[in-house]
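Presented below is the structure to which this report refers.
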Amino acid sequence: MDGIEDAAGRTNPENQRARKKLYERMRRHNLAPLWEVLHDILRPAPASPCAPALWRYTEMRPYLLEAGNTNSAAEAQRRVLVLENPQLPGQSRITRSLYAGLQIVMPGEIAPAHRHVAAALRLIVEGAPGAYTAVDGERTAMASGDFIITPSWTWHDHGNESDRPVVWLDGLDLHIVNLFEAGFYEQWPEERYPTTRPAGSCLAEIGAGLLPVDDGGGGHTSLLLSYPYARSREALDSLARHQAPDECHGFKMKFLNPLNGGWALPTIATCMQLLPKGFHSVPYRSTAATVFAVVEGSGSTLVGAERLDWQRHDVLVVPSWVPHEHIAATEAVVFSFSDRAAQERLAIYREQRGPRRS
Ligand code: 1HN
């Protein structure tokens, strides 16, 4: 590189002064030299500023409860502790493109109705009979391990009619929407959006693979809003009974939009995986930074040079293109989400299955 620089006269002080002056004059016309920044813009492979990180539920829960007793859900709009990537503080990001947070709704509370372009997913951590989220006027029950979606621009409020706090993990595509400067947000004038359908209708109908005959079938988002854990667990067990585990993922299944066979949400890919006791995966990496949330069991994930030891309800993040492997100490079930769905739509997604490290 030095030789080329010398040939171009870069290291010559007189030349450097001339360049500086050129750049200053150009800047007045909003022009900048690409050759000074090209090495930062074009990299041979993704070099994420994000760090691998682990959030322990035993450490987060006391803060959540304290927040629950400090302000009301109505006052806070959404009472959430944001899981911030340690390398991106103050940005409300767990990865460059995704938001994650733990939300608590105390007994008797309502998180008021609103809607936004950003789509949301919920993984229920501590559910209870009587806890619900309502999407466009239909309530869905929140039990531990359930996966529930809030599609883009749908009215939603959350309530807790049980006698204990309910907690869930939120994931949103906020930073994708904001990158495109396509965000809108509205509050409903009352606490709750009016009821439009009986609780659980969409699960009873679309969950049975049935749709009123003349309905269009929706767009890019799943019309099935709830994927109860009991059924996800059964599906994983069923797969494990007739198939060998994938060497990188164990038994990993994606949450489907039953109307088009694609991902449940158009931007965020969501999966649930079963890792048999003692399973040690072959390293894997992809361009989709991934958030993992432990539903059952314990184990470790080796991410680059780090080892993250996880237990039930912990959350961890693996940055883009960093090889990682999972080791299950007990049988484990792990939920995950990433921006893979958006990357596939943009035709930029890549993955690599690596050889085992010696
Ligand atoms: C939001 O609307 C919810 O509806 C949760 O529960 C977290 C984080 C940022 C922006 C909007 C919710 C959110 C959010």
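First listed ligand is number 1; within each ligand, the first listed atom is number 1.
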Exercise. Compare every heavy atom of Ala119 with every heavy atom of Ile268, then report the nearest pair and how far apart it is.
Key: CD1-O, 4.3 Å

Exercise. Below 4.0 Å from any atom of ligand 1, which residues have a heavy atom? Give them in chain and number order, please.
Key: Arg78, Tyr99, Gln103, His114, His116, Arg122, His156, His158, Asp170, Leu172, Leu174

Exercise. Can you label the angle between the His158 ring and the His156 ring as parallel, tilted or perpendicular, going by 30° and 60°?
Key: tilted

Quiz item: With His326, which of Phe292, Phe279, Trp310 fulfils ring-ring contact (aromatic ring centres under 6.0 Å, His included)?
Solution: Phe292

Quiz prompt | Axial cation check for Tyr132 ring with Arg139, 6.0 Å and 45° limits | solution = yes

Quiz prompt | Ring-ring centroid check Phe335 Phe147, cutoff 6.0 Å | solution = yes

Practice problem: Please report the shortest heavy-atom distance between Ala51 and Pro86, naming the atom on each side. | Solution: CB-CG, 4.2 Å

